[in-house]
Amino acid sequence: MNIKIKKLNNTIIKCKKCPRLINFIKKIKTKKRKQNINEKYWGKPVPGFGEKNAKLLIIGLAPAAHGGTRTGRAFTGDKSGDFLFKTLYQTKISNQNFSKNLNDGLKLQSTFITNILKCVPPDDRPTNIEINNCSHYFSSELEFLKNLRVIVTLGKVAFDNCIKYYKKKYPITLKFVFKHGRKYKLPDGRILIPSYHPSPRNVNTRLINQNKLNRLFYKAKNLAKF
């Protein structure tokens, strides 16, 4: 990871812009789940992670309360992450099909993973002010990852906020509609692919399944050319 991204990540970890979110994180850290009662929770904003020369960017909404907020890494230690990393392993984007903690040996191939919001919001519902407070960090990640070719957004909120970034930076007239697997060319030449979020609810209602997500990431990897 390059110096600029390391510096950004340190700033994210120390961020206290949103008192409601910081207080919620503290509450999670002290009121642990039974199965994690003996673990030390991360209990801070969660930065992105992956390869500095990434050609593929994966974006979610926010770290999970007892996932990333506990482990310190996005999509790590929760059911959505379990589902995602099975796909990343099967499509040869990651070296293993699980992500449990910061020292589990996980490596990504030419990929960076992050969230629009670096702190978990109560009921998974951030306010517009909280999203705006965090938007600078997301913008910086996009600017630091110079080799990006493809962006996959997991869920509509991640998709909408990615579009919001591009509309601030470029004059855009094209209408972007969230549709799983659809391909959009962005003004800077990158390709945007929206995906249903691999949440337990979407999996249980069969909105998304492993084969469906695998196909999407095979396409993303081919377009990213790695």
Side-chain angles (χ1 to χ4, degrees), residues 1 5-29 31 41-50 54 56-85 99 102 108 111-145 148 151-169 176 178 192-202 208:
M1 193 173 292
I5 293 177
K6 280 185 178 180
K7 189 175 179 182
L8 173 64
N9 285 355
N10 287 335
T11 303
I12 289 170
I13 290 166
K14 294 174 184 176
C15 182
K16 298 188 187 312
K17 287 181 182 179
C18 305
R20 184 180 82 114
L21 302 187
I22 295 300
N23 288 335
F24 186 55
I25 287 172
K26 286 179 181 176
K27 184 179 177 182
I28 292 167
K29 191 177 179 180
K31 294 185 178 180
Y41 272 49
W42 172 258
K44 291 171 279 192
V46 180
F49 74 100
L56 171 65
L57 175 64
I58 301 170
I59 308 168
L61 168 59
H66 299 280
T69 305
R70 171 174 61 88
T71 63
R73 190 166 67 195
F75 286 99
T76 295
D78 63 88
K79 289 184 178 180
S80 295
D82 292 344
F83 197 91
L84 174 65
F85 279 98
S99 180
L102 289 171
L108 300 175
T111 300
F112 194 88
I113 298 177
T114 194
N115 286 302
I116 293 293
L117 203 68
K118 311 307 181 190
C119 297
V120 57
D123 301 317
D124 291 325
R125 292 183 179 178
T127 66
N128 288 333
I129 291 173
E130 288 162 352
I131 290 176
N132 287 337
N133 283 346
C134 227
S135 63
H136 171 69
Y137 300 137
F138 174 59
S139 300
S140 295
E141 287 170 332
L142 282 175
E143 289 161 14
F144 291 161
L145 297 169
L148 274 187
I151 299 171
V152 172
T153 54
L154 301 177
K156 190 174 185 301
V157 179
F159 175 77
D160 289 345
N161 279 277
C162 187
I163 297 301
K164 188 177 177 181
Y165 162 82
Y166 275 93
K167 284 185 174 178
K168 281 182 179 178
K169 196 168 181 181
F176 291 87
F178 179 85
L192 174 65
I193 304 175
S195 170
Y196 293 126
H197 195 285
S199 66
R201 180 180 180 180
N202 286 346
I208 188 77

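Below, all heavy atoms of this structure are taken into account, side chains as well, without hydrogens, waters or symmetry copies. Starting from 1, each residue takes its place in the sequence as its number.
- The shortest distance between side-chain heavy atoms of F85 and L108 falls below 4.5 Å.
- For the pair K167 and F176, the cation-pi test (distance below 6.0 Å, angle within 45°) is failed.
- Distance alone, capped at 3.5 Å, places no donor-acceptor pair between the R73 side chain and the F49 backbone.
- In this structure, the side chains of L154 and P198 come closer than 4.5 Å at one or more pairs of heavy atoms.
- The two atoms that bring T153 and P194 nearest to each other are OG1-CA, 3.4 Å, heavy atoms only.
- Closest approach of L148 to L142, counting heavy atoms only: CD1-CD2, 4.1 Å.
- More than 12 heavy-atom neighbours from other residues, nucleotides or ligands sit within 6.0 angstrom of CZ on R20.
- Rounding to the nearest 0.5 angstrom, the gap separating the CG atom in N161 from the CG atom in N115 is 11.5 Å.
- Using a 4.5 Å heavy-atom threshold, the side chains of K7 and F144 count as separate.
- Between L21 and P121, some side-chain heavy-atom pair lies under the 4.5 Å cut-off.
- In this structure, NZ on K17 lies 10.5 Å from CG on N132, to the nearest 0.5 angstrom.
- Considering all non-hydrogen atoms of both residues, S195 and F178 come closest at O-CZ, 3.4 Å.
- In this structure D124 satisfies the salt bridge (charged side-chain N to carboxylate O under 4.0 Å, His left out) test with no other residue, sequence neighbours excluded.
- Taking all atoms of both residues into account, the shortest heavy-atom contact from E130 to L117 is O-CD1, 3.5 Å.
- Atom NE2 of H197 is separated from atom CG of L84 by 8.5 Å, given to the nearest 0.5 angstrom.
- Here the closest heavy-atom approach between residue T69 and residue W42 is recorded as O-CB, 3.3 Å.
- Closest of all the heavy-atom pairs between K16 and I22 is CA-CG1, 4.0 Å.
- The shortest side-chain heavy-atom distance between F138 and C162 falls under the 4.5 Å cut-off.
- Taking NE2 of H66 as the start and NZ of K31 as the end, the distance is 11.0 Å to the nearest 0.5 Å.
- Distance CZ/F159 to CD1/I59: 11.0 Å, rounded to 0.5 Å.
- Side-chain contact check for Y166 versus I151: some heavy-atom pair is nearer than 4.5 Å.
- Remark: the backbone N or O of T76 is paired with a side-chain donor or acceptor of T71 at under 3.5 angstrom.
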Trace of the side chain to side chain contact (heavy atoms under 4.5 Å, CB included) decision for L57 with L145: CA-CA 9 Å; L57 175 64; L145 297 169; 4.1 Å; yes
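- Within a 6.0 Å sphere centred on CD1 of I13, heavy atoms belonging to other residues, nucleotides or ligands number more than 12.
- For the atom pair OG of S80 and CD1 of I208, the computed distance is 11.0 Å after rounding to the nearest 0.5 Å.
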